[in-house]
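Encoded as structure tokens, the structure appears first; notes follow it.
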Amino acid sequence: MTDNFDPANAGCWIARGRPVHHAHAIADAWQRFPDLPNDMPLDARMARTRERVQMLRPFHEAIRLEAEQRRTSANFAFVERQIAQGSTDSRNASILHARAVHGYDWDAAVAYADGCYAARAGWEVRPPSPTRAGEPDIRRPAYHQGFLDGGGQPDDIFDAARRSLAATLSEPSSVEQPRTARPLPSQWPGPRDAPIPASWHRRLLLLGASERATGSVGIIAMLRECPGHEAMVIFVVSAEIGLHRLSTGTDPALGNHAALREQLRQGDYTDILIVADEAELGRLDADADILPLARTMERTRNSVLQQRAQFRLWLARGRAPGDQFAAGHIRWGKMAVGLSGRLGDFTTRYAGSAQPRGHRIVIEDASGDLAHGYRTPTGHELHPEIVIGNKAHARAAIARLLRQFAASLRLG
């Protein structure tokens, strides 16, 4: 790759991954219409650019057509492989039939197969949504053709009823049916702050062996900072050996599904969280029938930073004995002076530096004044202003203050 890039040199484009015929076409356009010197009038330089763009327009259209041809060929080849491997989805055969008989491209062939399948399944005619105005739409006519070839008669008002009665369930479904009606663990949503709090002894953490290996720098370290977490039950999930209780190691007796199911269901859990990688989630999906049902079932996902943030939300919902705080989603915002949060009728905000040191956090009620006169359900008085030492902890302090006041009582 050259240090000085010359757009009129085809070799520069080839060195950057362009095919040879693309590189020569682009270089030819730059040779015919090179950039004018910077001291030339702006209008002249812009006109030169438009001339070069106009010359390259057919080239860009050719690139688009090449990409579309590659996509179509790859998709048809995939369908052919599916049929060769014994696929029972009738839409695959209909796609190839549409190409061979009607000469449809990929998008039209898929629409044809959808129409044919809908007619045979006894469904009403539902063509794909139209494209943008002015653009030709080959899918809707192809869908209607497939609907007709599948036995549909749109002009007959009794057509849908007749076909629904005649439709049979002899064709096996192309989608594997789940063994249970609930979603698999890999499909559980990410942790949020909306679910109501749960006591620690009614929380279950399924911790991946890979995450457990991080030790003092991962999830375990964050967990140890939460008072009351000792009452929570933790199971470790390994992609090789499955589930086992954190305190019992790899007890062979727990390899039995019946024993695992019994041990997991001895606890009355209302909140389950999974922190695991893809391989460990795959093992949990395979053993999903041994997991208990709970009111809230979630798993962390995406990048490590996002997983840590999601785990903090989950930790904040843990309730130790005697704790009283409100649940719900905190609406965060930025005020002129800093961070703010709102929950119910309360608004908490950063109020600037404290003297002689620290940072002030204040909370206001619906009246817009400081929230004086509020007490916890046990009678402890709450103060509408606190001071924190580290501004980086403002978000956690605001959330804690909001949840305390939203669960409080006002006397007098």
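Heads up: numbering here begins at 1 and tracks the sequence.
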Subject >> By side-chain hydrogen bond (donor to acceptor under 3.5 Å, both in side chains) - contacts of H201 (at least two apart) >> reply: none
Subject >> Nearest atoms (heavy-atom pairs only) where E280 meets G208 >> reply: OE1-CA, 3.3 Å
Original post:
Between N38 and R45, is a side-chain contact (heavy atoms from CB on, under 4.5 Å) present by the stated rule, with each step listed?
Top reply: CA-CA 8 Å; N38 290 336; R45 286 183 283 145; 4.2 Å; yes
Subject >> With F405 via ring-ring contact (aromatic ring centres under 6.0 Å, His included) - residues at least two apart >> reply: F346, Y374
Subject >> By salt bridge (charged side-chain N to carboxylate O under 4.0 Å, His left out) - contacts of R317 (at least two apart) >> reply: D271, E298
Original post:
Under 6.0 Å from the six-membered ring centre of Y104 and within 45° of its axis: does the NZ or CZ of R99 meet both?
Top reply: no
Original post:
What is the minimum heavy-atom distance between Q310 and P191, and which atoms define it?
Top reply: O-CB, 3.5 Å
Subject >> Pairwise salt bridge (charged side-chain N to carboxylate O under 4.0 Å, His left out) hits with a residue in residues 188-200, at least two apart >> reply: D193-R403
Original post:
Can the ring centroids of F78 and W106 be said to lie less than 6.0 angstrom from one another?
Top reply: no
Original post:
Going by heavy atoms in the side chains, are R299 and L284 under 4.5 Å from each other?
Top reply: no
**OP:** Please confirm whether the backbone N or O of D268 pairs with a side-chain atom of R202, one donor and one acceptor, at under 3.5 Å?
**Re:** yes
Original post:
Taking E211 for the side chain and I219 for the main chain, is one N or O donor matched with an acceptor at less than 3.5 Å?
Top reply: yes
**OP:** Examine the side chains of Q404 and T376 and answer whether a donor and an acceptor come within less than 3.5 Å of each other.
**Re:** no
Original post:
Does R126 CZ have over 12 foreign heavy atoms under 6.0 Å away?
Top reply: no
Subject >> ring pair (Phe, Tyr, Trp, His ring centres under 6.0 Å): pairs with one or both residues in residues 274-313, sequence neighbours excluded >> reply: F311-W314
Original post:
Between A118 and Y143, which heavy-atom pair has the shortest distance, and what is it?
Top reply: CB-OH, 3.6 Å
Original post:
Taking the six-membered ring where the residue is Trp, are the ring centres of H244 and F235 under 6.0 Å apart?
Top reply: no
Original post:
Where do R342 and L402 come nearest, in terms of heavy atoms and distance?
Top reply: N-CD1, 3.8 Å
Subject >> Test item: D289 and R261 side chains (from C-beta on) under 4.5 Å apart, heavy atoms >> reply: yes
Original post:
Is there side-chain contact between E385 and I361, with heavy atoms separated by less than 4.5 Å?
Top reply: no
Original post:
W200: what forms a ring-ring contact (aromatic ring centres under 6.0 Å, His included) with it, not counting sequence neighbours?
Top reply: none
Original post:
Would you call the rings of W123 and Y117 parallel, tilted or perpendicular, where under 30° means parallel and over 60° means perpendicular?
Top reply: perpendicular
Original post:
Residues two or more places apart in sequence or in another chain: which of them pass side chain to side chain contact (heavy atoms under 4.5 Å, CB included) with A407?
Top reply: A326
**OP:** Give every residue pair that meets the ring pair (Phe, Tyr, Trp, His ring centres under 6.0 Å) criterion with at least one member in residues 375-404, sequence neighbours excluded.
**Re:** none
Original post:
Within a strict 4.5 Å, meaning less than it, do heavy atoms of the V79 and L96 side chains meet?
Top reply: yes
**OP:** Dump the intermediate steps for side-chain contact (heavy atoms from CB on, under 4.5 Å) on L243 and L291, then the final yes or no.
**Re:** CA-CA 10 Å; L243 283 168; L291 298 180; 4.1 Å; yes
Original post:
What do the steps show when you test S73 against R70 for side-chain contact (heavy atoms from CB on, under 4.5 Å), and what is the final call?
Top reply: CA-CA 5 Å; S73 299; R70 288 195 299 269; 5.9 Å; no
Original post:
Could you go step by step and tell me if E240 and R283 meet the salt bridge (Lys or Arg N to Asp or Glu O under 4.0 Å) rule?
Top reply: CA-CA 8 Å; E240 293 78 21; R283 182 58 185 261; over 6 Å; no
Subject >> ring-ring contact (aromatic ring centres under 6.0 Å, His included) involving F33 - partner list, sequence neighbours excluded >> reply: none
Original post:
Looking at residues at least two apart in the chain, or sitting in another chain, which of them share a side chain to side chain contact (heavy atoms under 4.5 Å, CB included) with Q69?
Top reply: none
Subject >> Non-hydrogen side-chain atoms of E61 and L56 separated by less than 4.5 Å >> reply: no
Subject >> Donor + acceptor pair across side chains of S367, D365 (<3.5 Å) >> reply: yes
**OP:** Search all heavy atoms of L343 against all heavy atoms of G328 and return the closest pair with its distance.
**Re:** CD1-C, 4.1 Å
**OP:** Under the ring-ring contact (aromatic ring centres under 6.0 Å, His included) rule, collect the residues that match up with H22, sequence neighbours excluded.
**Re:** F59
Subject >> Test log, rule side-chain contact (heavy atoms from CB on, under 4.5 Å), inputs S94 and R120 >> reply: CA-CA 12 Å; S94 297; R120 292 171 180 170; 4.1 Å; yes
Subject >> Spatial distance of atom CZ (R18) from atom CD1 (I63) [nearest 0.5 Å] >> reply: 5.0 Å
Original post:
Which value, rounded to the nearest 0.5 Å, describes the distance between I363 atom CD1 and I398 atom CD1?
Top reply: 9.5 Å
Subject >> More than 12 heavy atoms of other groups within 6.0 Å of E68 CD >> reply: yes
Original post:
Just checking, is any N or O donor in the side chain of D285 or S186 under 3.5 Å from an acceptor N or O on the other one?
Top reply: yes
Original post:
When you measure from the centre of the six-membered ring of Y269, is the NZ or CZ of R203 under 6.0 Å away and within 45° of the axis?
Top reply: no
Subject >> Validation row: R360, S353 side chains within 4.5 angstrom (heavy atoms) >> reply: no
Original post:
Where do A111 and R139 come nearest, in terms of heavy atoms and distance?
Top reply: CB-O, 3.3 Å
Original post:
Quick one: does D105's side chain have a donor or acceptor within less than 3.5 Å of a partner on A108's backbone?
Top reply: yes
Subject >> Backbone N/O of L339 and side chain of W332: donor-acceptor pair under 3.5 Å >> reply: no
Original post:
How would you list, by chain and number, every residue that makes a salt bridge (charged side-chain N to carboxylate O under 4.0 Å, His left out) with D369, sequence neighbours excluded?
Top reply: none
Original post:
Are any of the side-chain heavy atoms of L273 and L206 separated by less than 4.5 Å?
Top reply: no
Original post:
Taking side chain as C-beta onward, heavy atoms only, is I272 less than 4.5 Å from P292?
Top reply: yes
**OP:** With rounding to the nearest 0.5 Å, note down the distance linking NE2 in H97 to SG in C116.
**Re:** 7.5 Å
